[in-house]
Amino acid sequence: MRGRRWATLVVAVTLALGGLVGIGATPAAADPPGGTLRGVYYDGQFCNSYGNEGVQTGLWSWYYCEYRQYGPTGPAYYFLWTFTY
């Protein structure tokens, strides 16, 4: 019986902490005016090289790799936004 109480307590604490992390997260950004989200990457160098390759081949006019880190120790991502004018 004691094991179930501990398991219930652990689950309750985990759910409570998960809710706090979810509340503190920043919302996803809306598309910049005229921009299209092409991909989300872990590596900034790859994001820039892919964006530059798209410019060189005429797929888009210019690009922007937006860096975002979620939380002080959370994962970091690069969002590739492209623009065609």
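Here, residue 1 is the first one in the sequence, and each next residue gets the next number.
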Handout entry: Residue pairs passing the disulfide bond (SG atoms under 2.5 Å apart) test where at least one lies in residues 37-85, sequence neighbours excluded
Key = Cys47-Cys65
Problem - Non-hydrogen side-chain atoms of Glu66 and Trp81 separated by less than 4.5 Å - result: yes
Practice task
State whether the side chain of Asn48 and the backbone N or O of Gly44 hold a donor-acceptor pair below 3.5 Å, judged by distance alone.
Solution key: yes
Handout entry: Ring centroid separation Trp62 to Phe83 under 6.0 Å
Key = yes
Practice task
Report the hydrophobic cluster partners of Tyr67, with the cluster defined as I, L, V, M, F, W, Y residues connected by side-chain heavy atoms closer than 4.5 angstrom, directly or transitively.
Solution key: Tyr78
Completion exercise
Connected to Phe46, directly or through other members, by ILVMFWY side-chain contacts below 4.5 Å are Tyr41, Tyr50, Val55, Leu59, Trp60, Tyr63, Leu80
Handout entry: CA sep, side-chain torsions, deciding dist, call: Leu37, Phe79, side chain to side chain contact (heavy atoms under 4.5 Å, CB included)
Key = CA-CA 7 Å; Leu37 179 63; Phe79 294 81; 4.0 Å; yes
